A.B. asks: 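One structure is given below, represented as structure tokens, and several questions about it will come after.
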2 protein chains.
Amino acid sequence: MGGFGVLDAGKERFQGYRFIPMSGLPKATVVRLPRYLRLLEDLASSRDTVSSDDLALAAGANAANVRRDLSHLDFHGVRGLGYSVRELRDRIRSELGIDKRRRVIIIGAGNLGRALANYGGLAKRGFDVAGVYDNAPKRIGKSIGGIEVRDIGGFEDDWASGEFDMVILAVPANAAQQVTDRLVRAGVRLILNFAPARVRVPDDIQVRQVDLSTELQILSYYGSS
Amino acid sequence: MGGFGVLDAGKERFQGYRFIPMSGLPKATVVRLPRYLRLLEDLASSRDTVSSDDLALAAGANAANVRRDLSHLDFHGVRGLGYSVRELRDRIRSELGIDKRRRVIIIGAGNLGRALANYGGLAKRGFDVAGVYDNAPKRIGKSIGGIEVRDIGGFEDDWASGEFDMVILAVPANAAQQVTDRLVRAGVRLILNFAPARVRVPDDIQVRQVDLSTELQILSYYGSS
DNA sequence: TAGATTGTTAATCGATTAACAATC
DNA sequence: TAGATTGTTAATCGATTAACAATC
């Protein structure tokens, strides 16, 4: 987290003589919303209301924490009863910007890119894999999860169509920065980086990094201490 | 993260009349160590020393933050000069418990499990994939990344050999909890969960969760705000 | 010495949590 | 009404950061 000017929501700015909240929710709250959402989607068919206690249990948080999170959303429950499952589900979806389906591009059709493209769970959560790109001739034209791998050379034109929302980067570490620069130049603003390398981007571009080795190393620490 | 009693390092306990640090490093520090390590490994062949400024840039942190992190390790630099690249690299490795190679088991030989097993980057960072397990007859016996997929039925016996350090869980969401329970019963204490479902474990088991949809949802929030 | 960089202090910030009045 | 659960306050905790004396 932090760094590179990205994902710095929750900051405040001194403007005149008052503090004006700048960009919405505290970071910690945003991270919990998808966890709440998952429970709510499971519950939507069977229950009408849910308590902060239930939500806390599912999200690994404290019930007071949940109530504070939801009041940040200006979402209110009913004392003695709890929160409306469906209304809260819809509210969180709209807050996360996934009340509409989102179209995702995957860059890199190696092992990881293919695994991600084939992963059906995305569609269930509102994300459609709308394209897979690579630069290796032997991969271009092959079909993955029902999508044809395209030549990265055509990426800029395709992206310019404005039909896509975000990019998942699944290229080798040594290509990550170069490809990222290219994405940014093409106008991509949201990048989920699976390449095992941190990339630098301008302040107005959002990058999240997911790295297997890093996770294992952190886990290893907690195993040996 | 938090919740389920895992990864709660950095707590302190009131004992008698003094505060005794309980389990080592602050969580935020642990998360940054792998980032420092990555830079140090890159630098080890070309430079002898590195400044807190360089480390901060690579890790997306503040220089003062870096210096504080390293002093938590009781690792000291030289004023005016910086920190010894190799000594710091070795110190962090030992702190993370990866001064020896670690043997990792992957459970689930679907798309994701296969991608992870094939991912060469792990070996470079000190982790060896020492086994892949599945319960589907059509997958058992197949070879992935030079390793034969074994029947999950034999997992308990294999794990009892004591040769393995951690488990990567790459099974479908609906199997995650059940498989996790089984791992815990077999004596697994470190689990990296790639299944798109939170799992509950006893307090002394460490779980880290990595979930693609969650990451995309968080990213989506920062795109729409 | 002069310049560079550490190690640490003190202030601030952001997040968590217990507790409880409000109220369905 | 009695029981349940919210919404919010106040205290605490953990993390960040600017600043600067120490010192290589």
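Values in this document were obtained by computation on a predicted structure and should not be read as measured data. Every chain is numbered from 1, with letters handed out A, B, ... down the list of sequences.
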A.B. asks: Holding to side-chain contact (heavy atoms from CB on, under 4.5 Å), I want the full list of residues that pass it with A/L81, two or more places apart in sequence or in another chain.
C.D. replies: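 A/L81 satisfies side-chain contact (heavy atoms from CB on, under 4.5 Å) with A/T49, A/V78 once adjacent residues are dropped.
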A.B. asks: Generate the contact string for nucleotides 1-9 of chain C. Rules: B means base contact, S means sugar-phosphate contact only, - means no protein heavy atom under 4.0 Å.
C.D. replies: ---BBBBBB
A.B. asks: By the 4.0 Å heavy-atom rule, please label B/N65 as base, sugar-phosphate, or nothing.
C.D. replies: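 Touches a base.
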A.B. asks: List for me each residue that meets ring pair (Phe, Tyr, Trp, His ring centres under 6.0 Å) alongside A/F155, sequence neighbours excluded, and say none if there are none.
C.D. replies: A/Y133, A/W159
A.B. asks: I'd like to check the side chain to side chain donor-acceptor pair (under 3.5 Å) partners of A/R89; sequence neighbours left out, ordered by chain and number.
C.D. replies: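 With neighbours one apart ignored, the set is empty.
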A.B. asks: Taking Watson-Crick and G-U wobble pairs with both distances under 3.5 Å, convert DNA chain D into its dot-bracket string, 5' to 3', dots for unpaired and | for cross-strand pairs.
C.D. replies: ..||||||||||||||||||||||
A.B. asks: Calculate the interatomic distance between A/K27 atom NZ and C/dA15 atom P; express it in whole Å.
C.D. replies: 8 Å
A.B. asks: Is any NZ, NE, NH1 or NH2 atom of the basic residue among B/E95 and B/R91 found under 4.0 Å from an Asp or Glu carboxylate oxygen of the other?
C.D. replies: yes
A.B. asks: Just distance, no hydrogens or angles: give the donor-acceptor pairs under 3.5 Å from side chains in residues 168-180 of chain B, sequence neighbours left out.
C.D. replies:
{"from": "B/Q177", "atom 1": "OE1", "to": "B/R200", "atom 2": "N", "distance (Å)": "2.9"}
{"from": "B/Q177", "atom 1": "NE2", "to": "B/D181", "atom 2": "OD1", "distance (Å)": "2.8"}
{"from": "B/Q177", "atom 1": "NE2", "to": "B/R200", "atom 2": "O", "distance (Å)": "3.1"}
{"from": "B/T180", "atom 1": "OG1", "to": "B/A176", "atom 2": "O", "distance (Å)": "2.7"}

A.B. asks: Residues in side chain to side chain donor-acceptor pair (under 3.5 Å) with A/D128, at least two apart?
C.D. replies: A/R101
A.B. asks: Of all residues at least two apart in sequence or in a different chain, which pass the side-chain contact (heavy atoms from CB on, under 4.5 Å) check with A/A63?
C.D. replies: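 Checked A/A63 against side-chain contact (heavy atoms from CB on, under 4.5 Å); matches are A/S52, A/D53, A/A56, A/R67.
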A.B. asks: Name all residues meeting the side-chain contact (heavy atoms from CB on, under 4.5 Å) criterion together with B/R79; count only those two or more places apart in sequence or in a different chain, and write none if there are none.
C.D. replies: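 Testing B/R79 for side-chain contact (heavy atoms from CB on, under 4.5 Å), a comparison that skips the adjacent residues, returns none.
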